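In this chain, residues are counted from 1 in sequence order. Scope of the values below: all heavy atoms of this structure, side chains included, with no hydrogens, waters or symmetry mates. Since we're looking at a predicted model, the values are computed, not measured.
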Amino acid sequence: MTLIIAVDGPAASGKGTIAARLAQTYGLPHLDTGLLYRAVGAKVLADGGSLDDEAAATQAARGLDAAGLSDDPRLTTGEAGEAASRVASFAGVRAALLELQQAFAAQAGGAVLDGRDIGTVIAPNAQAKLFVTATPEVRATRRWKQLTARGSDIAFDAMMADIQRRDERDAGRGAAPMVQADDAVLLDTTDLGIEAAFDAARRIVEAARAKHGL
């Protein structure tokens, strides 16, 4: 039986960690779709282009090779995250990456995908849908600790402003804005550690499996 798990939510909500753990638990392939947009933004910058140039970003998306993205340290930086948020607002970029993401979701047996529009656009028929969130303050703290632990020199206030800016951009874009799917279950991780958050996510998936007879 096919089990597709869609995990959506804003930056630093914990969705990536939860999605990876769910994939491991259910023996399913996992795609962090945010890495695709980070790779597109990084390619534009590496080519000396502008993140405001939709044509350049769309060209980068069309030529994207998704292999090995999870091992590229350049894609874990704050700069890559900001670049991803900007190029993700372009309809051309999203269209170029749509087929790649949908093909991943269509694998035999299913898959786990996390991003901003998995449950609404990429895999609207997913059997299990989660929308993972937390307060902006908590998400900024998580991302700030993560980046400073890697040696980044960024002030917390700047991190907070970045989180708020990305939230506004993701929710306000015309192409596939970040919204909770009508049939997605909300998981607020504000007051949850990773184990508690994962346990809550697993219970949501188990309820979905029972509902669909999986």
Side-chain angles (χ1 to χ4, degrees), residues 4-24 28-47 49 51 54 56-107 110-123 126 129-133 139 142-143 146-147 149-150 152 159 162-163 165-167 169-170 173 175-178 194 198 201:
I4 300 174
I5 304 174
V7 185
D8 288 306
S13 59
K15 66 181 182 297
T17 301
I18 287 172
R21 289 280 298 273
L22 289 173
Q24 182 180 36
L28 296 171
H30 168 226
L31 177 62
D32 174 355
T33 64
L35 286 177
L36 303 178
Y37 293 96
R38 285 172 175 255
V40 171
K43 180 67 165 60
V44 171
L45 292 176
D47 291 344
L51 294 174
E54 180 171 1
T58 299
Q59 182 178 3
R62 287 173 178 162
L64 182 66
D65 181 0
L69 293 184
S70 61
D71 299 321
D72 190 340
R74 297 175 303 170
L75 304 185
T76 64
T77 65
E79 181 184 41
E82 170 65 12
S85 181
R86 291 176 65 177
V87 300
S89 66
F90 296 136
V93 171
R94 304 198 76 84
L97 297 178
L98 177 64
E99 184 175 346
L100 187 158
Q101 295 174 81
Q102 290 186 327
F104 190 93
Q107 294 183 71
V112 181
L113 296 87
D114 71 85
R116 304 289 197 279
D117 64 346
I118 308 304
T120 55
V121 176
I122 305 303
K129 296 183 183 181
L130 295 78
F131 191 87
V132 183
T133 191
R139 291 188 287 115
R142 290 172 180 169
R143 184 54 55 83
Q146 181 184 57
L147 292 178
R150 294 173 181 165
S152 296
M159 190 74 259
D162 178 67
I163 287 288
R165 183 168 56 251
R166 291 173 64 183
D167 285 354
R169 189 182 294 139
D170 289 341
R173 63 176 177 246
M178 180 184 67
I194 183 56
F198 169 68

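Taking every heavy atom of both residues into account, I4 and A105 meet most closely at CD1-O, 3.3 Å. Taking all atoms of both residues into account, the shortest heavy-atom contact from S85 to D170 is OG-OD1, 3.5 Å. The nearest pair of heavy atoms linking A96 to A61 is CB-CB, 3.7 Å. Counting all heavy atoms, side chain and backbone alike, V7 lies closest to A19 at CG2-CB, 4.1 Å. Contact detail for V87 and A57: the closest heavy-atom pair is CG1-CB, 4.0 Å. Between L45 and A83, the shortest heavy-atom contact is CD1-CB, 4.2 Å.
Checking side-chain atoms of Q107 against main-chain N and O of F104 turns up a donor-acceptor pair under 3.5 Å. In this structure, the side chain of R38 engages the main chain of L75 through a donor-acceptor pair within 3.5 Å. Side-chain atoms of D114 never come within 3.5 Å of backbone atoms of K15 as a donor-acceptor pair (strictly under, hydrogens ignored). For the pair R116 (side chain) and A176 (backbone), a donor-acceptor distance under 3.5 Å is absent. Counting only distance, with no hydrogens or angles, the side chain of S13 and the backbone of V132 share a donor-acceptor pair below 3.5 Å. Although no hydrogens or angles enter the test, the distance criterion places no donor-acceptor pair under 3.5 Å between the side chain of E82 and the main chain of D162. At distances below 3.5 Å, at least one donor-acceptor pair connects side-chain atoms of Q101 with backbone N or O atoms of L97. Although no hydrogens or angles enter the test, the distance criterion places no donor-acceptor pair under 3.5 Å between the side chain of R74 and the main chain of A42. Proximity of a side-chain donor or acceptor of R150 to a complementary backbone N or O of T76 within less than 3.5 Å is detected.
At a threshold of 4.5 Å between non-hydrogen side-chain atoms, the residues P10 and T133 count as touching. Counting only heavy atoms from C-beta outward, the side chains of P29 and V112 never approach each other to under 4.5 Å. R143 has its side chain within reach of R166: a pair of non-hydrogen atoms, C-beta onward, lies under 4.5 Å apart. Side-chain contact between L64 and K43 is absent, with no heavy atoms from C-beta onward closer than 4.5 Å.
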Full working for salt bridge (charged side-chain N to carboxylate O under 4.0 Å, His left out) between K129 and D8
CA-CA 8 Å; K129 296 183 183 181; D8 288 306; over 6 Å; no
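The structure places OG1 of T58 at 6.0 Å from CZ of R62, a figure rounded to the nearest 0.5 Å. Considering CD of E54 and OG of S89, their distance stands at 7.5 Å, rounded to 0.5 Å. Put simply, OG on S70 and CG on D32 are 9.0 Å apart, with the number rounded to the nearest 0.5 Å. Rounded to the nearest 0.5 Å, atoms CG (L98) and OG1 (T33) are 11.5 Å apart. Annotation: the span from L69 atom CG to Y37 atom OH amounts to 13.0 Å, rounded to 0.5 Å. The CD1 atom of I118 lies 8.0 Å from the OG1 atom of T120; values are rounded to the nearest 0.5 Å.
Under the side-chain contact (heavy atoms from CB on, under 4.5 Å) criterion, A106 pairs with no residue at all, not counting sequence neighbours. By the side-chain contact (heavy atoms from CB on, under 4.5 Å) test, T17 is found to be paired with I194, residues two or more places apart in sequence or in another chain being considered.
Within 6.0 Å of atom CD in Q102, more than 12 heavy atoms from other residues, nucleotides or ligands are found, so the atom counts as buried in its surroundings.
Under 4.0 Å is where a charged nitrogen must lie from a carboxylate oxygen, and between R94 and D117 at least one such pair does.
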